[in-house]
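Reading through the structure tokens given below for one structure.
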Amino acid sequence: MTDLTVIILTMNEARHIRRAIASVRDVATRILVVDSGSEDDTVALAKAAGAEVMYHPWTTHAAQFNWALDQIAGVPGWVLRLDADEVLTPALSAEIAAGLPDVAGLYLRRRIWFMGQPVRYGGVFPVQVMRLFRNGAGRCEDRWMDEHIVVDGPTATLQGELVDNNLNPLDWWIAKHNRYASREVIDILNARYGLLPQGQGLQQGGLKRWVKTVIYGRLPPGLRSGAYFFYRFVLRLGLLDGSHARAFHVLQGFWYRYLVDAKLAEVTGYIAETGAPPDLAIRRVLGVDLAIHYHQQREDAA
């Protein structure tokens with residue numbers, strides 16, 4: 001049996017946490033839940049399900065996950081990052097239980113369900129994500145959005161699937177992606193102005209990030225979301241998905257991408273009109289105080 005520490009980040013995940021823990025119980029030697037102040041029964045449910053729970057204040061997914069890694073520094077074996085609304089399929093659990101190859105990290109094939117339907121088309125499902133790696137060989141990029149785990153050494157891919165199936169209502173999904181759009185704007189402005197430390201050069205993402213930066217990023221703002229949606233919905237046959245999965249393509253493939261562009265225009269317009277520095281513009285327009293994030297980074301490093 002492979003020594004495996006599963007890390008789950010939580011904030012009000014009472015609806016999902018027992019399901020997530022149950023999906024890894026047969027392969028995990030340790031399940032570590034890092035909570036950022038849940039106001040529901042997340043912590044109690046996680047403890048009752050056999051997980052170890054720690055508290056750490058939230059800034060970003062990357063900072064939270066890297067803090068969790070620091071708490072298990074030197075522990076032998078492997079680490080699996082699992083979101084609270086994700087589950088391992090039985091096939092993936094069996095692969096892990098059978099023994100892992102001699103590599104530094106393993107990509108898992110993640111499939112998304114939306115409003116009770118699997119997303120089968122659109123050209124990006126299942127997508128390969130780096131989630132399973134030898135402890136000490138990987139760390140998360142210090143980004144506000146679209147962060148990846150970077151590993152030092154060879155990698156391989158497992159065939160079983162990781163399923164992302166969030167059970168919250170659509171209003172919750174929209175509110176979450178509204179926050180995500182703000183975070184993506186911060187990443188864009190951080191790249192332009194160097195507002196925050198860049199995580200010691202951890203940059204990864206392969207072809208997807210290259211396409212997003214070099215091709216998508218050079219298209220006219222406001223129009224590129226439509227081009228991406230056409231590619232995904234028409235050229236990659238997203239229109240053949242079920243009605244709820246088609247809604248996912250519209251919302252995540254068009255609405256969200258357009259929202260990022262609109263928020264970016266709002267912040268840059270504020271900078272141009274007022275002469276405010278970027279960090280002040282971000283605080284006044286997006287309601288995010290970068291100083292709090294930087295202060296937390298310094299406290300974690302101390």
Side-chain angles (χ1 to χ4, degrees), residues 58-63 83 85 110 112 114 119 122-125 127 129 140-148 164 166 168 170-196 198-199 203-236 238 245-274 276-290 293:
W58 181 268
T59 51
T60 66
H61 285 89
D83 288 348
D85 59 359
R110 184 184 66 187
I112 292 177
F114 188 74
V119 181
V124 290
F125 310 107
V127 63
V129 290
C140 198
E141 298 173 297
D142 187 14
R143 295 174 60 90
W144 280 73
M145 269 297 297
D146 195 29
E147 73 284 348
H148 296 268
D164 179 332
N166 193 288
N168 284 310
L170 184 58
D171 276 355
W172 178 92
W173 189 95
I174 290 172
K176 181 184 80 167
H177 280 74
N178 181 46
R179 296 191 300 270
Y180 279 4
S182 295
R183 289 177 174 271
E184 189 157 342
V185 168
I186 291 170
D187 262 342
I188 295 170
L189 295 174
N190 191 29
R192 289 183 185 178
Y193 298 106
L195 305 175
L196 292 167
Q198 292 293 312
Q203 298 294 327
Q204 192 253 356
L207 179 61
K208 176 184 175 182
R209 182 164 297 166
W210 181 85
V211 169
K212 185 176 178 180
T213 303
V214 177
I215 298 179
Y216 181 88
R218 293 180 179 177
L219 294 175
L223 297 179
R224 53 194 177 192
S225 54
Y228 175 62
F229 175 69
F230 179 80
Y231 163 81
R232 189 158 132 182
F233 198 72
V234 178
L235 299 184
R236 300 308 301 267
R246 290 199 304 271
F248 178 78
H249 292 301
V250 174
L251 291 170
Q252 201 266 349
F254 176 72
W255 172 81
Y256 171 72
R257 300 258 41 104
Y258 196 93
L259 183 62
V260 172
D261 283 348
K263 288 195 172 201
L264 179 61
E266 184 179 24
V267 177
T268 55
Y270 185 88
I271 293 171
E273 292 173 8
T274 66
D279 55 343
L280 179 60
I282 288 170
R283 179 156 56 89
R284 289 182 175 172
V285 177
L286 301 179
V288 177
D289 191 343
L290 299 184
H293 173 75

Over all atoms of both residues, closest heavy-atom pair of [X] and [Y]:
X      : Y      : answer
Arg192 : Thr268 : NH1-CG2, 3.7 Å
Cys140 : Glu147 : SG-CG, 3.3 Å
Asp187 : Met145 : OD2-N, 2.7 Å
Pro278 : Ile271 : CA-CD1, 3.9 Å
His249 : Phe125 : CE1-CE1, 3.9 Å
Ala63  : Thr60  : N-OG1, 3.0 Å

Contacts of type side chain to side chain contact (heavy atoms under 4.5 Å, CB included), residue Asp83, not counting sequence neighbours: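 Partners of Asp83 by the side chain to side chain contact (heavy atoms under 4.5 Å, CB included) criterion, ordered by chain and then number, come out as Arg81, Asp85, Glu86, Arg131.
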[X] versus [Y]: any side-chain heavy-atom pair under 4.5 Å?
X      : Y      : result
Tyr256 : Leu251 : no
Lys176 : Trp172 : yes
Asp261 : Leu223 : no
Arg232 : Phe254 : no
Val250 : Trp255 : no

Presence of salt bridge, Arg257 and Glu184, under 4.0 angstrom: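 Result for this pair is yes, salt bridge flagged.
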Nearest 0.5 Å, please: how far is [atom2] in [Y] from [atom1] in [X]?
X      : Y      : atom1 : atom2 : answer
Ile188 : Trp144 : CD1   : CH2   : 14.0 Å
Leu189 : Ile282 : CG    : CD1   : 5.0 Å
Asp289 : Thr59  : CG    : OG1   : 12.0 Å

Pairing residues for Phe114 by the ring pair (Phe, Tyr, Trp, His ring centres under 6.0 Å) criterion, not counting sequence neighbours: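 With sequence neighbours excluded, Phe114 shows a ring pair (Phe, Tyr, Trp, His ring centres under 6.0 Å) to Trp173, Phe248, given in chain and number order.
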Side chain to side chain contact (heavy atoms under 4.5 Å, CB included) between Ile112 and Asn166, worked out: CA-CA 9 Å; Ile112 292 177; Asn166 193 288; over 6 Å; no
Partners meeting side chain to side chain donor-acceptor pair (under 3.5 Å) with Tyr180 (sequence neighbours left out):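 Listed in chain order: nothing, the list is empty.
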Heavy-atom donor-acceptor pair, Asn190 side chain to Leu195 backbone, under 3.5 Å: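 Flag set: sc Asn190 to bb Leu195 pair under 3.5 Å.
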Donor-acceptor under 3.5 Å (Lys263 side chain, Arg183 main chain):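 Answer holds: no.
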